[in-house]
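For reference, the structure is listed below as structure tokens.
Everything quoted here is computed from the prediction, not taken from an experiment.
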Amino acid sequence: MSDTAAVTMTFHPRPQAGEPQPWAFPAPERATLSNGLTLLRCHRPGQQVVAVEMNLTAPLDAEPEGLDGVATIMARALSEGTDKHSAEEFAAELERCGATLDAHADHPGLRVSLEVPASRLAKALGLLAEALRAPAFADAEVDRLVRNRLDEIPHELANPQRRAAKQLSKELFPASLRMSRPRQGTEETVARIDSAAVRAFYEAHVRPATATAVVVGDLTGIDLDAVLADTLGAWTGGTAEARPVPPVTADDTGRVVIVDRPGAVQTQLLIGRIGPDRHDRVWAAQVLGTYCLGGTLTSRLDKVLREEKGYTYGVRAFGQVLRSTADGKGASMLAISGSVDTPNTGPALEDLWKVLRTLAEGGLTDAERDVAVQNLVGVAPLKFETAASVAGTLADQVEQELPDDYQAQLYAQLAETGTVEATTAVVKAFPADRLVTILVGDAAVIEEPVRALGIGDVTVVTN
């Protein structure tokens with residue numbers, strides 16, 4: 001027999017979670033540079049990659065008639081050469097800084113995003129200032145960007161989600177409103193764009209007096225005032241003339257448009273209408289109610305369409321700001337999006353409408369409301385761990401004419417919103433009889449079942 005050694009094991013109690021610590025969205029410091037540029041800075045210890053967001057007041061509805069897409073080409077051309085560097089040299093300088101620079105145009109205006117290690121912030125801000133102050137807009141570079149954009153358009157139209165979004169905008173908004181047309185232009189309008197048109201749009205709208213810079217990251221040991229004075233602060237330009245902002249109007253008469261895709265094995269759904277922007281008091285309740293409807297895998301829509309029926313991998317409900325202004329001329333897009341297999345398009349839509357009607361009749365439950373609050377408010381500290389996420393949200397607030405403490409207020413409002421308020425808001429946001437439904441799919445298979453549902457007049461388009 002062999003001896004067996006005795007082993008003594010000590011069991012330690014499982015670690016317990018501590019008390020939740022107070023958290024609030026970071027508050028920025030606001031200032032104005034001598035050239036009129038607005039600055040928001042936010043010191044975030046430990047964030048060694050600094051994020052810079054630039055808001056430029058160059059909205060899409062300011063694009064000249066027949067030149068839709070010129071704002072997008074201008075945005076892409078900002079980093080394609082300056083008065084000091086060719087496109088290749090500028091890219092190499094950014095790479096030496098370990099920096100990334102991106103720009104895009106949207107309805108509210110132009111956004112330029114820079115990320116760079118804190119140790120190279122001064123150099124990178126110099127390059128950013130150079131791109132804003134003196135972009136080259138060389139003929140060859142603009143022509144290349146136009147060709148690239150023209151190549152992208154057929155691919156976007158072939159994408160069911162993009163095609164559905166394009167059709168919904170066309171259906172909802174009057175033709176006179178810029179929001180009715182593709183944000184980055186059409187083949188016809190983009191083909192007209194040249195370097196002269198890009199420069200004219202730049203000179204009309206890009207200037208420091210109407211720009212805002214958001215700087216977020218660990219600014220320890222950085223004399224940001226001095227760095228800005230030598231870079232963005234040295235950018236000069238005149239004031240801009242005030243432009244009238246057209247109100248956002250839309251027709252949400254209940255109807256269905258089928259974009260025919262013969263042989264498609266799935267149908268892309270996009271169901272929408274417009275609603276209030278973030279200045280409206282109902283926004284927090286609407287966010288909460290919409291999350292309960294379709295914000296997660298355990299939402300009402302997914303419980304029925306995914307878990308019970310197996311029609312889809314997921315359906316989402318959301319609200320996306322189109323324009324948010326303090327004067328009440330803003331709006332958001334309220335939408336439900338997903339895809340279902342072609343034979344079950346009719347049954348899926350029937351069940352989706354049942355969910356909306358059941359919600360209107362019986363309301364949300366307290367349990368649904370509580371889960372939504374936990375998911376939206378409880379994860380906020382994780383959502384804003386990076387400097388880029390904080391900078392992007394602060395820039396959104398600037399773009400949408402919101403106060404600097406808006407995000408902190410929103411989380412407090414979400415936590416205080418009751419079940420009845422959330423129910424009222426989401427039912428008003430998604431009324432079953434006032435929704436425009438876009439279906440990208442095989443019309444030969446789905447048209448008759450959809451007509452039989454009685455959710456609105458049905459039109460089929462083929463282009």
How many angstroms lie between [atom1] in [X] and [atom2] in [Y], if you round to the nearest 0.5 Å?
X	Y	atom1	atom2	result
L270	L168	CG	CG	4.5 Å
R162	I153	CZ	CD1	11.0 Å
L352	I336	CG	CD1	5.0 Å
Y291	N375	OH	CG	3.5 Å
R178	L322	CZ	CG	12.5 Å
S79	L127	OG	CG	11.0 Å

Whether the side chain of [X] engages the backbone of [Y] through a donor-acceptor N/O pair (distance < 3.5 Å, no angle test) should be reported.
X	Y	answer
T419	L364	no
E53	V214	no
T393	V390	no
W283	P276	no
S180	S176	no
H279	Q400	yes
E115	T100	no
E401	A326	yes
D260	A443	yes
T345	T342	yes

Within-4.5 Å side-chain heavy-atom neighbours: [X] and [Y]:
X	Y	answer
F90	L101	yes
L157	P154	no
R323	D61	yes
F430	L293	yes
D396	Y406	no
V216	T386	no
V340	Q266	no
L414	V373	no

Considering all heavy atoms, the nearest [X]-[Y] contact:
X	Y	value
R149	G185	NH2-O, 3.9 Å
I193	V70	CD1-N, 3.4 Å
A71	L60	CB-CD2, 3.8 Å
Q268	S339	OE1-CB, 3.7 Å
A75	A105	CB-N, 4.2 Å
A124	V116	CB-CG2, 3.7 Å

With sequence neighbours left out, which residue pairs that include part of residues 436-450 fulfil the salt bridge (charged side-chain N to carboxylate O under 4.0 Å, His left out) condition?
E447-R451
Pairs involving residues 299-321, ordered by first then second residue, that meet salt bridge (charged side-chain N to carboxylate O under 4.0 Å, His left out) (sequence neighbours left out)
R300-E368, D302-R316, K309-D351
Flag for T236-N35: side-chain donor and acceptor within less than 3.5 Å
no
Is it the case that S195 and D139 place a side-chain donor and acceptor less than 3.5 Å from each other?
yes
Under the salt bridge (Lys or Arg N to Asp or Glu O under 4.0 Å) criterion, do E156 and K166 qualify, and how do the steps go?
CA-CA 10 Å; E156 292 172 357; K166 176 187 175 184; over 6 Å; no
Applying side-chain hydrogen bond (donor to acceptor under 3.5 Å, both in side chains), name anything that partners [X], two or more places apart in sequence or on another chain.
X	value
R207	none
R369	none
T253	D251
E188	R192

Name the residue from L439, I258, V256 that meets the side-chain contact (heavy atoms from CB on, under 4.5 Å) definition with V460.
I258
As a quick check of understanding, evaluate salt bridge (Lys or Arg N to Asp or Glu O under 4.0 Å) for D106 and R183, giving each step before the final call.
CA-CA 7 Å; D106 209 334; R183 299 184 187 195; 2.8 Å; yes
Residue list, salt bridge (Lys or Arg N to Asp or Glu O under 4.0 Å) with [X], at least two apart or on another chain:
X	result
D194	none
R181	D68
K329	none

Evaluate the side-chain contact (heavy atoms from CB on, under 4.5 Å) criterion for residues L125 and L114: first the C-alpha distance (whole Å), next the side-chain angles of each, then the deciding distance (0.1 Å), finally the verdict.
CA-CA 8 Å; L125 280 176; L114 172 72; 4.3 Å; yes
Partner set under side chain to side chain contact (heavy atoms under 4.5 Å, CB included) for A138, not counting sequence neighbours:
E141
Partner residues of D83 under the side chain to side chain contact (heavy atoms under 4.5 Å, CB included) criterion, sequence neighbours left out
E130, R133, A134
E63 and T189: CA distance, side-chain angles, deciding distance, side-chain contact (heavy atoms from CB on, under 4.5 Å) verdict:
CA-CA 11 Å; E63 292 178 318; T189 62; over 6 Å; no
Partners meeting ring-ring contact (aromatic ring centres under 6.0 Å, His included) with F173 (sequence neighbours left out):
none
Do V215 and V50 pass the side-chain contact (heavy atoms from CB on, under 4.5 Å) test, and can you show the C-alpha distance, the side-chain angles, and the key distance before you say yes or no?
CA-CA 7 Å; V215 182; V50 177; 3.9 Å; yes
List the steps, then state whether salt bridge (Lys or Arg N to Asp or Glu O under 4.0 Å) holds for R255 with D457.
CA-CA 5 Å; R255 59 195 186 276; D457 291 339; over 6 Å; no
For the rings on Y202 and F137, is their centre-to-centre separation under 6.0 Å?
yes
